[in-house]
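Here is the structure we will look at, set down as structure tokens.
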Amino acid sequence: SEMQPLLSVRDLHAWYGEGHALHGVNLDIHQGETVTLLGRNGVGKTTTLRSIMGIIRKRTGTINFHGKDMMRVPLHRTAHAGIGFVPEERGIFATLSVDENLNLPPIVAKGGMSIAEIYDLFPNLKERRNSPGTKLSGGEQQMLAIARILRTGVKLLLLDEPTEGLAPVIVQRIGEVLVTLKQRGMTILLVEQNFRFASKVADRFYVVDHGRIIDNFHVKELPDRMTMLNEALGV
Ligand code: ATP
């Protein structure tokens, strides 16, 4: 599309101490797209999300989101800027109930979902509304983590391996939720090792290797890429 990307990342480098983890990542995401980062363990997928959020402070390059220079936006202001992050470890409050978890996030923008809308999208969370985080299954915790971010009204959702360790039926449910969010106009950047899941939800893919993007392609091009993906990822 000729439209300006919603998120544009150029020559992004990031370091853990002296460890140079990203070596010039370039990527664009347009409004309404679901984009997946693929790659083996340790190539820099999580680091890319954490650098966009400003969790990793030692970074260079440019990150433009909706006309805003995200290199100047501190972590605690990223939600106000319109980006939400669901980390692999989920980050819900274990001692608080589902309801309490859903009432904590600040509503930073119009379009933040009401509790009623959240429970429409996640009926199983509604059934568990008075249960503490510790009593939830892995799948329910993942849904709660996503739901909390949807309360805020962010425009771009960064998800780090949302299906990890979950049963196939829950993985499918999360896939349905992402497709619903996409139909409502949400833009999603996903790190995913579950290639089958990724190929059902993503419009486009970036392949990450050694801290760089080595390929990008549309979901339609997937059949032509299978040999390369097999070699690069062992999928
Ligand atoms: P995974 O799926 O295993 O998380 P990944 O592609 O997301 O893989 P990253 O977690 O981004 O990879 O890691 C990229 C590189 O940065 C790796 O070499 C990793 O060892 C290193 N790294 C990640 N986290 C840290 C950290 N907290 N301290 C030091 N080095 C780190």
Side-chain angles (χ1 to χ4, degrees), residues 7-29 33-63 65 70-71 73-76 78 83-92 138-139 141-142 145-146 149 156-168 170-171 174-175 178 187-217 219 222 225-226 228-235:
L7 176 74
S8 184
V9 173
R10 288 293 174 274
D11 198 28
L12 181 62
H13 290 248
W15 290 262
Y16 292 101
E18 295 301 304
H20 194 172
L22 296 187
H23 295 263
V25 167
N26 295 297
L27 57 86
D28 286 324
I29 304 178
E33 275 193 311
T34 299
V35 171
T36 297
L37 302 182
L38 298 170
R40 290 184 186 275
N41 286 338
V43 295
K45 304 181 301 296
T46 298
T47 303
T48 300
L49 300 189
R50 302 181 69 191
S51 300
I52 292 169
M53 291 301 289
I55 297 167
I56 296 173
R57 305 293 303 278
K58 203 170 171 187
R59 56 183 182 156
T60 63
T62 60
I63 303 170
F65 175 73
M70 294 302 292
M71 297 299 267
V73 176
L75 176 59
H76 71 275
T78 49
I83 306 180
F85 178 43
V86 181
E88 204 174 339
E89 63 277 11
R90 294 167 188 149
I92 59 171
Q141 288 180 13
Q142 183 63 53
I146 295 172
I149 303 296
L156 171 67
L157 201 54
L158 309 182
L159 300 175
D160 196 359
E161 299 202 35
T163 69
E164 196 181 21
L166 303 182
I170 309 297
V171 170
I174 288 175
L178 296 191
T187 307
I188 301 170
L189 175 59
L190 182 72
V191 166
E192 194 46 73
Q193 303 268 9
N194 183 336
F195 187 68
R196 255 172 59 90
F197 170 83
S199 59
K200 282 184 186 153
V201 299
D203 301 305
R204 283 195 305 119
F205 298 87
Y206 285 97
V207 182
V208 185
D209 194 23
H210 289 94
R212 289 186 183 83
I213 304 293
I214 59 162
D215 195 14
N216 86 85
F217 56 92
V219 67
L222 203 52
R225 290 300 208 284
M226 284 317 293
M228 179 279 288
L229 290 172
N230 244 308
E231 282 164 13
L233 314 173
V235 297

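Ligands are counted one by one from 1 in listed order, and the atoms in each one are counted from 1 as well.
Contact atoms of ligand 1 toward Arg40: 6 (O) (distance under 4.0 Å to a heavy atom of the residue). Short contacts between ligand 1 and Thr46, defined as distances under 4.0 Å to a heavy atom of the residue, involve ligand atoms 4 (O), 5 (P), 7 (O), 10 (O), 11 (O). Each of the atoms 9 (P), 11 (O), 13 (O), 14 (C) of ligand 1 lies under 4.0 Å from some heavy atom of Thr47. Each of the atoms 16 (O) of ligand 1 lies under 4.0 Å from some heavy atom of Ala21.
Where the criterion is an N or O separation shorter than 3.5 Å, residue side chain and backbone included, Arg50 fails it with respect to ligand 1. Checking only distances, Lys45 does come within under 3.5 Å of ligand 1, N or O to N or O. Distances between N or O atoms of Val43 and those of ligand 1 include at least one value under 3.5 Å. In terms of polar-atom proximity, defined here as any N/O pair under 3.5 Å, Glu161 does make such a contact with ligand 1.
Inside a 4.0 Å radius of atom 20 (O) of ligand 1 there is not any protein heavy atom. Within the 4.0 angstrom cut-off, atom 26 (C) of ligand 1 has one or more protein heavy-atom neighbours.
Inter-residue side-chain proximity for Ile55 and Phe85 is flagged as met; some heavy-atom pair is nearer than 4.5 Å. When side chains are defined from C-beta on, Leu75 counts as touching Met53, because their heavy atoms get closer than 4.5 Å. By the 4.5 Å heavy-atom criterion applied to side chains, Asn216 and Val207 are not counted as neighbours.
Nearest heavy-atom pair across His210 and His23 is O-CD2, 3.5 Å. Across Asp28 and Ser8, no two heavy atoms sit closer than the pair OD1-OG, 2.9 Å.
Side-chain polar atoms of Tyr206 and Thr48 form no donor-acceptor pair below 3.5 angstrom. In this structure, a donor-acceptor pair under 3.5 Å is absent between the side chains of Glu164 and Asn194.
Residues that satisfy the side-chain hydrogen bond (donor to acceptor under 3.5 Å, both in side chains) test with Asp215, not counting sequence neighbours, are Arg225.
Residue Thr163 is tested with Glu192, Arg196, Gln142 for a side-chain hydrogen bond (donor to acceptor under 3.5 Å, both in side chains); the sole match is Glu192.
Between Lys45 and Asp209 there is no salt bridge, since no side-chain N of the basic residue sits under 4.0 Å from a carboxylate O of the acidic one.
Ligand 1 lies less than 4.0 angstrom from a heavy atom belonging to Gly44. Residue Gly39 places no heavy atom under 4.0 Å from ligand 1.
Shortest contact from atom 8 (O) of ligand 1 to any protein heavy atom: Gly42 N, 2.7 Å. Residue, atom and distance of the protein heavy atom nearest to atom 22 (N) of ligand 1 are Tyr16 CE1, 3.4 Å.
Only the side chain of Gln193 comes within 4.0 Å of ligand 1, judged by heavy-atom distances.
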